[in-house]
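In the text below, chain A, chain B and the rest are named by the order of the sequence lines, each starting its count at 1. Heavy atoms only: backbone and side chains are in, while hydrogens, waters and symmetry mates are out.
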Amino acid sequence: MKKFKFIEEKIFRALMFFSTVFIVTSLALIIFSILHKGLPVLSWEMVSQTPKGGYYFGKEGGIVNAIVGSFYLSVSATFLALFVSLPLALFMNIYLKRFKIVINAIRFFLDLLWGVPSIVYGAFGFTIMIYFGLKASLIAGIFTVTLFIIPIMVRAMDEVFKTVPVGLYEAALSLGSTRSETAYRVFLKQCYPGVITAVLLAFGRGIGDAASVLFTTGFTDHIPTSLSQPTATLPLAIFFQLGSPIPEVQERAYAAAAVLTFFILAISILARLSSGRFQKNKINF
Amino acid sequence: MIVALAIVVFLPFVLGIGLYLQSTLLLEEQSLFRILFTSQWQPMSGKFGLLGFILSSLMVTALSLLIAGPVCLLTAIHLTQYAKKYVLKIMHPVIDILAGIPSVIYGVWGIIVIVPLVSKYLAPFFGVQTSGYTLLTGAIVLSVMIIPFILNILIEVFRSIPTELTEASLALGATRWQTIKHVIVRKGFPGIISAMGLGVSRAFGETIAVLMVVGNVVKIPTGVFQPGYPLPALIANNYGEMMSIPQYQSALMFSALVLFVVVMLFNLASRIAISRFETK
């Protein structure tokens, strides 16, 4: 009986170890299986040409329309979201610092918004689109993705600004700077790497999401030239090509998936690196 | 700054009201009860029963939580109680990348790996023949998707438990595992439950990945090796046709509203529980 508690502990330690390994292996397996299937099919043609006639029957062409479309969409959405998120995150940490209840309420709202499924944002974007009489277009997609990534961005920035020591805030104010000067000159400079990480995080979410743009951007074989045209995006290109019964088109979906995985990995590595760089302006306490 | 604040505070209400206004058309015609608790889905003849979709959603979500929950709990305990510092340093980027992988990629992975796994090995093991596009497949893919969210919160929860408690328990002669079982897990129990709640709300709304592997057959599923048709998949699959009949569009927007409300409720309950737990 005395031995039993040690045996129990051994069993559970083994289980814990295996579940940790399980998580790491599933990540490795996901990336490996996508690259394994996708890379052999990937060619220069695929990332440099728009779909030609009969592309969806296995004829020639590529997915550059989707790659460029995705970038248009998520770059502009990230940019727009930045204009809402940065002031809000600074506002919360400078002006509202004293009002604990208010700031907790805002964080609560942000968390709620963060949890809303992207398809609900998609459906909402669609209703707005109909209300204004728009058709599926780049602008409607940008609007929807912006709403979708604002909570992600604000929450990430808020976490960063929270770490600024109170001493720095007090020192800036005591030297006679106004609060907004403190916000943009001191806080922003101090947290530059973290802000970049937050932006990249939101960008990554924007580029990868399919459900929110499903209703709103439409899909097209051309690279859009104006905001009112429909746009192809990478996730949707993968989704539609996989739905095709023709094996060659399906293989291209794997290649497109490899491209998207590559972008996401690149963004997350960039985000990690950026927290190392840009540190030189930082004041250490 | 104030404008930005206003946008964020009003957005949830605007989302809800917008979707509600769009679904009033259907709600005026049919009773809420009839929509939610009948399972006939024949948009062309005006029958919009969502029960089958709701049950599918619930089953996929529950199954995925059954898989992800224990794995996350064990891993979180391992990382916070036993593992060396550097293991957590390795795990952080792993969790971040898992959280950042787009759901379409999870869907592709599901089709490449999990679908054959289910149809060739798992289903024959239980003596069932399927194509592999089943509720179970959806749940497996979904469980990997929600692991990073649950794990992150669980790690926070275990970290916020005061070390004095652990020390006191160890000083009384309890083994490490007894301390975890009787002190840490018990103390963190509300936090654990709300982490799972957040996982549920993630899983309930997940669209594309589940849609790609779950089979999408309109009927009430009776077992895990049957195809399902969750609510988000319904919305995503039919967006092309919904312009044709106004009621159809209204029904889909109502589904989005149901999704929104359910996710909000789960989120709300879990967040309140977590904030209570942390201030205690």
*Is the OH atom of B:Tyr106 crowded by more than 12 outside heavy atoms at less than 6.0 Å?*
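Above 12, so yes.
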If we define contacts as heavy-atom pairs under 4.5 Å, which of [options] has the most with chain B?
| options | value |
| --- | --- |
| A:Ala256, A:Ser268, A:Ala28, A:Gly115 | A:Gly115 |
| A:Ala257, A:Ser26, A:Ser19, A:Ala123 | A:Ser19 |
| A:Glu9, A:His36, A:Met92 | A:Glu9 |
| A:Val84, A:Ile34, A:Asp111 | A:Asp111 |

_Aromatic plane relationship, A:Phe12 with B:Trp177 - under 30° parallel, 30 to 60° tilted, over 60° perpendicular_ =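 Judged by the thresholds at 30° and 60°, the geometry between B:Trp177 and A:Phe12 is parallel.
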Chain A interface, residue from [options] that has the most non-hydrogen pairs under 4.5 Å:
| options | result |
| --- | --- |
| B:Gly100, B:Ser103, B:Pro93, B:Pro148 | B:Pro93 |
| B:Val113, B:Asp96, B:Val144, B:Leu268 | B:Leu268 |
| B:Leu98, B:Ile90, B:Ile147 | B:Leu98 |

Counting C-beta onward and ignoring hydrogens, is there a side-chain heavy-atom pair between [X] and [Y] closer than 4.5 Å?
| X | Y | result |
| --- | --- | --- |
| B:Ile101 | A:Leu27 | yes |
| B:Met91 | A:Val24 | yes |
| A:Pro235 | B:Ile208 | no |
| A:Leu265 | B:Ile97 | yes |
| A:Trp114 | B:Leu198 | no |
| A:Arg13 | B:Arg176 | no |
| A:Phe18 | B:Leu74 | no |
| A:Thr20 | B:Tyr82 | no |

Interchain contact, [X] with chain A, by part (heavy-atom threshold 4.5 Å):
| X | result |
| --- | --- |
| B:Leu151 | side chain |
| B:Phe149 | side chain |
| B:Ile112 | side chain |
| B:Val71 | both |
| B:Arg271 | both |

What part of [X] lies closer than 4.5 angstrom to a heavy atom of chain B: side chain, backbone, both or neither?
| X | answer |
| --- | --- |
| A:Leu113 | side chain |
| A:Phe124 | both |
| A:Ile30 | both |
| A:Leu15 | both |
| A:Ile264 | side chain |
| A:Phe83 | neither |

Measuring from [X]:[atom1] to [Y]:[atom2], what's the distance to the nearest 0.5 Å?
| X | Y | atom1 | atom2 | result |
| --- | --- | --- | --- | --- |
| B:Phe260 | A:Tyr121 | CZ | OH | 8.0 Å |
| A:Thr127 | B:Met253 | OG1 | CE | 6.0 Å |
| B:Thr207 | A:Phe239 | OG1 | CZ | 10.0 Å |
| A:Ile119 | B:Leu252 | CD1 | CG | 9.5 Å |
| A:Ile23 | B:His78 | CD1 | NE2 | 10.5 Å |
| A:Phe108 | B:Asn267 | CZ | CG | 8.0 Å |

*List the steps and the verdict of side chain to side chain contact (heavy atoms under 4.5 Å, CB included) for A:Met16 and B:Gln81.*
CA-CA 11 Å; A:Met16 284 175 197; B:Gln81 307 297 325; over 6 Å; no
